[in-house]
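Along the sequence shown, residues are numbered consecutively beginning with 1.
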Amino acid sequence: MENNVVLIVADIHASMAGLDRTLQLAERFEADKIVILGDTFGVDAKAMVEKLNKIAKKLVIVKGNNDWYYEPEDADFLFMEYGFVYLGKTLAYACHGHRLDDMNLEKYGTKVILQGHIHRPFIETYSGVTRVCPGSIASPRFGSKKSFALYRDGKITIYSDEMEVFDEIEIP
């Protein structure tokens, strides 16, 4: 199933403000899908799960290195090790990025990897595979700003939270 608008965020780290900003952006851009690339929850995630349950059918959420100890109860959404999402007609692999095996895409046959973990936005293409990290919507690192990525009109664009374009790439 082709998605025309996909919001991509990572590393919320139990920040309710980060989750609220994600939901605001999803509404603003009328996102068909919301991909959360790990490190989402904290010790008490009940309020977060309640908000996410309202949009469960739009969600792809993967586990990050800080999510393994937690399995949200009463979740109406899947919370998995990795996932796949269509960006237009292109199938992308979604992971947190903390495991080296996540970078071995030949076994999945995809050419786009969406990853979190770094807390710094980037787009890189090597050996025919494009890696996209949206940075962090809640806790940026390495001097970067809060950021997110958006797929629409055949492109992935990384924006700062102030809507400055950080980087952009066309997706076939």
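By the rule that hydrophobic residues join a cluster once side-chain heavy atoms approach within less than 4.5 Å of another member, I8 and F122 end up as members of separate clusters. Side-chain heavy atoms closer than 4.5 Å link hydrophobic residues (I, L, V, M, F, W, Y) into clusters, and following such links, even through other members, never connects I137 to F142. V132 and I118 are assigned to two separate hydrophobic clusters, defined by single-linkage of ILVMFWY side chains at heavy-atom distances under 4.5 Å.
Atom NZ of K146 has 12 or fewer heavy atoms from other residues, nucleotides or ligands within 6.0 Å. At most 12 non-hydrogen atoms from other residues, nucleotides or ligands lie less than 6.0 angstrom from CD of E27. At most 12 non-hydrogen atoms from other residues, nucleotides or ligands lie less than 6.0 angstrom from CD of E30. More than 12 heavy atoms of other residues, nucleotides or ligands sit less than 6.0 Å from atom CD of E164.
Atom CD1 of I113 sits about 6.0 Å away from atom OH of Y93, to the nearest 0.5 Å. Between R141 atom CZ and R120 atom CZ the span is 12.0 Å, to the nearest 0.5 Å. Here F84 contributes atom CZ and L114 contributes atom CG; the two are 11.0 Å apart, rounded to the nearest 0.5 Å. Note that CD of E124 and CZ of R131 are 5.0 Å apart. Values are rounded to the nearest 0.5 Å. Distance check, rounded to the nearest 0.5 Å: CD1 of I36 to CG of L7 gives 8.5 Å.
Annotation for I34 and A26: closest pair CD1-CB, 3.5 Å, computed over non-hydrogen atoms. When all heavy atoms are compared, the tightest approach of H98 to K63 is CE1-O, 4.0 Å. Across all their heavy atoms, G135 and A10 have their closest contact at O-CB, 3.5 Å. Of all non-hydrogen atoms in A149 and I156, the two that sit nearest each other are CB-CG2, 4.1 Å. Annotation for D11 and S136: closest pair O-OG, 2.9 Å, computed over non-hydrogen atoms.
Residue I12 forms a side chain to side chain contact (heavy atoms under 4.5 Å, CB included) with just one option from L37, I61, D39, T22, and that option is T22. Among D167, V165, I123, the single residue meeting the side chain to side chain contact (heavy atoms under 4.5 Å, CB included) criterion with T157 is V165.
At least one side-chain heavy atom of F79 sits less than 4.5 Å from a side-chain heavy atom of D67. L19 has its side chain within reach of L52: a pair of non-hydrogen atoms, C-beta onward, lies under 4.5 Å apart.
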F166/Y159 under ring-ring contact (aromatic ring centres under 6.0 Å, His included): CA gap, chis, key distance, verdict: CA-CA 5 Å; F166 175 79; Y159 294 95; over 10 Å; no
K51 vs M48, side-chain contact (heavy atoms from CB on, under 4.5 Å): CA-CA, chis, key distance, verdict: CA-CA 5 Å; K51 286 186 177 196; M48 292 182 88; 5.9 Å; no
Pair D74-K46, side-chain contact (heavy atoms from CB on, under 4.5 Å): steps then yes or no: CA-CA 9 Å; D74 301 323; K46 186 175 181 176; 5.9 Å; no
Candidate pair V49 and F77, rule side-chain contact (heavy atoms from CB on, under 4.5 Å), full reasoning: CA-CA 9 Å; V49 169; F77 51 87; 4.2 Å; yes
Intermediate values then yes/no, side-chain contact (heavy atoms from CB on, under 4.5 Å), H13 and N66: CA-CA 8 Å; H13 285 281; N66 289 304; 3.1 Å; yes
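Although no hydrogens or angles enter the test, the distance criterion places a donor-acceptor pair under 3.5 Å between the side chain of S160 and the main chain of E162. Within the 3.5 Å criterion, the main-chain N or O of E168 finds no donor-acceptor partner in the side chain of K155. Here the side chain of K111 pairs no donor or acceptor atom with the backbone of L91 at under 3.5 angstrom. With hydrogens and angles ignored, the 3.5 Å screen pairs a side-chain donor or acceptor of H119 with a backbone N or O of S139. Put simply, the side chain of D32 gets close to the backbone of N4: a donor and an acceptor are under 3.5 Å apart.
Using bins of under 30°, 30° to 60° and over 60° for the plane-to-plane angle, the ring pair F29/F148 lands in the tilted bin.
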